Number of protein chains: 2
Amino acid sequence: MEHGFEATSLRALTTAAGVNLAAVNYHFGSKEELFQAVLTRRLDPMNQARLELLTRLEANAARRPVSCESILTALLIPALKLARDPQRGGKDFLRLLGRAYADPAPFIRRFLSEQYGLVIARYKAAFARALPHLPRKELSWRLHFIMGALSYTLAGTDALKLIAELNPHETANDEILLRRLAPFLLAGLTAPLPAMSAVSQALDDQLAL
Amino acid sequence: MEHGFEATSLRALTTAAGVNLAAVNYHFGSKEELFQAVLTRRLDPMNQARLELLTRLEANAARRPVSCESILTALLIPALKLARDPQRGGKDFLRLLGRAYADPAPFIRRFLSEQYGLVIARYKAAFARALPHLPRKELSWRLHFIMGALSYTLAGTDALKLIAELNPHETANDEILLRRLAPFLLAGLTAPLPAMSAVSQALDDQLAL
DNA sequence: GTCTATATCATGATAGAC
DNA sequence: GTCTATCATGATATAGAC
């Protein structure tokens with residue numbers, strides 16, 4: 001969480017944990033497998049919860065499409081509940097996850113795409129039903145932007161600084177953070193198409209200069 | 001750009017460049033200083049252009065506030081022009097920059113906050129005039145989310161894009177990308193306040209379960 | 001299972017000939 | 001300025017005593 005995968009040595013981990021250096025390779029096989037085990041333990045249940053929430057929403061909606069707000073909420077709630085639970089790593093785990101998103105190591109990228117493949121597919125289908133006017137390609141991009149804002153926010157490189165500046169009296173709290181992020185993401189998701197947006201014209205104008 | 005700062009060795013760089021290993025330390029002093037020199041060469045002029053664009057917009061607007069679309073555009077245009085210019089690194093430089101944003105190394109974080117401090121302050125003030133109803137605190141958060149979506153998008157981690165079934169060919173084109181990103185960001189920036197957003201109620205409802 | 005000790009290798013940096 | 005050669009360090013992983 002603090003230094004990234006590559007820059008965190010097994011020596012630093014094992015001494016901080018008060019265990020022997022050789023224990024990692026004995027129990028996990030390698031540094032990479034340890035890392036995957038750490039992520040899987042929390043990520044797997046969280047993504048499971050996301051799938052179950054969406055399933056329940058779709059069941060309740062009968063055959064009508066679920067609203068955008070509800071789908072987005074179902075995506076965020078499991079992360080928020082995890083952030084609230086110090087016993088399961090709390091906000092530290094989310095920061096670790098946010099860093100992993102930005103890590104270029106191929107094994108991490110492969111791991112994450114395996115972990116998230118199903119979740120993204122299900123949520124994308126749900127959003128597509130909720131936003132029938134939105135072209136599929138546009139939706140793909142907007143989900144990509146959402147993941148970007150989310151992971152950057154969770155990684156919290158500067159977020160913690162920002163929280164300290166803005167909420168000197170509130171505890172640095174991921175719930176506040178997600179409650180501010182959600183309306184931002186919802187608005188972006190339901191934004192007018194690029195051809196219709198006021199900013200497209202401004203881009204054309206300024207590019208012409 | 002491909003492996004991150006830590007995982008990129010000076011040996012790999014120097015052999016790829018066809019120069020001697022010792023040249024880096026002779027000309028730049030250290031690996032870190034080389035990295036900063038690489039970034040500064042492009043980042044400095046880009047941020048300078050951002051400041052000049054904003055200054056010109058404000059001059060043209062006389063004493064009225066500049067519109068949100070124009071401010072956002074002024075922020076994106078220099079990046080877009082850089083992306084279009086292969087002679088100045090093109091999209092590769094933007095990917096490198098996006099990775100740097102996500103890097104936890106303290107010297108990189110310090111370097112970026114020095115490079116961006118003035119730009120962010122100027123643009124924040126401009127947005128504040130354009131959105132007088134938006135609380136300053138909320139604006140700070142939204143600028144943070146914007147930087148997140150932007151850097152994640154520029155960094156261009158392929159794995160998650162593939163999940164989202166995005167056309168790899170199209171991902172190569174940063175202009176199309178920014179043209180899709182801009183309306184998303186503008187909508188987020190001008191979204192209703194959290195208390196007024198439809199998603200806040202959905203969050204409350206689902207958290208109660 | 002857990003430890004010490006170590007093998008093996010790659011790294012950033014530097015010394016010194018040219 | 002540029003090269004070769006090398007230093008000191010720290011990395012992951014493993015062998016083998018207990």
Side-chain angles (χ1 to χ4, degrees), chain A residues 1-43 89 92-93 95-115 155 157, chain B residues 1-44 89 92-93 95-115 155 157 159:
Chain A
M1 179 187 80
E2 288 177 359
H3 308 294
F5 176 79
E6 182 86 20
T8 302
S9 73
L10 288 180
R11 282 178 175 76
L13 289 182
T14 50
T15 50
V19 301
N20 190 272
L21 171 61
V24 170
N25 278 286
Y26 181 80
H27 288 282
F28 295 92
S30 69
K31 185 187 177 187
E32 294 192 356
E33 287 170 282
L34 167 64
F35 184 72
Q36 295 186 15
V38 167
L39 283 193
T40 302
R41 183 174 60 149
R42 309 292 187 205
L43 196 50
D92 287 341
F93 178 75
R95 283 191 64 195
L96 178 66
L97 185 59
R99 286 243 188 284
Y101 265 101
D103 201 301
F107 91 93
I108 297 182
R109 310 235 57 78
R110 220 177 312 122
F111 172 76
L112 285 181
S113 50
E114 284 164 16
Q115 290 282 317
T157 313
Chain B
M1 180 189 79
E2 288 177 359
H3 308 293
F5 176 79
E6 181 86 22
T8 302
S9 73
L10 288 179
R11 282 175 175 79
L13 290 181
T14 51
T15 50
V19 300
N20 189 271
L21 171 62
V24 170
N25 279 288
Y26 181 79
H27 288 281
F28 295 92
S30 69
K31 185 187 178 188
E32 294 191 358
E33 286 170 285
L34 168 63
F35 185 71
Q36 295 186 16
V38 167
L39 284 192
T40 302
R41 183 173 62 147
R42 308 292 187 206
L43 197 50
D44 228 41
D92 287 343
F93 177 75
R95 284 192 64 194
L96 178 66
L97 186 58
R99 286 242 188 285
Y101 264 100
D103 201 299
F107 92 93
I108 297 182
R109 309 239 55 80
R110 219 177 313 123
F111 171 77
L112 285 181
S113 50
E114 283 164 17
Q115 291 281 317
T157 47

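Just so we're on the same page: letters track the sequence lines, and every chain starts at 1. Heavy-atom basis, side chains included; hydrogens, waters and symmetry copies ignored. Please read all numbers here as calculations on a predicted model, not as lab measurements.
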Are any non-hydrogen side-chain atoms of Thr15(B) and Leu21(B) less than 4.5 angstrom apart?
no
Between C1' on dG12(C) and CZ on Phe5(B), what's the gap in Å once rounded to a whole number?
10 Å
Sub-4.5 Å side-chain heavy-atom contact between Ile108(A) and Phe35(A)
yes
Do Phe111(A) and Glu32(A) touch side chain to side chain, with heavy atoms closer than 4.5 Å?
no
By a strict heavy-atom criterion of less than 4.0 Å, which residues belonging to residues 7-25 of chain A are in contact with DNA chain C?
Asn20(A), Ala22(A)
With a 4.5 Å limit on heavy-atom distance, are the side chains of Tyr26(A) and Asn20(A) in contact?
no
Side-chain touch Gln115(B)/Thr40(B), heavy atoms, less than 4.5 angstrom:
yes
One should read off an interatomic distance between Arg99(B) CZ and His3(B) NE2, to the nearest 0.5 angstrom, of 9.5 Å
Would you find a donor on one side and an acceptor on the other, under 3.5 Å apart, between the side chain of Arg109(B) and the backbone of Pro104(B)?
no
dist Asn25(B):CG -> Leu34(B):CG (nearest 0.5 Å) comes out at 9.5 Å
Sorted by number, the residues of residues 28-41 of chain B with heavy-atom contact under 4.0 Å to DNA chain C
Ser30(B), Lys31(B)
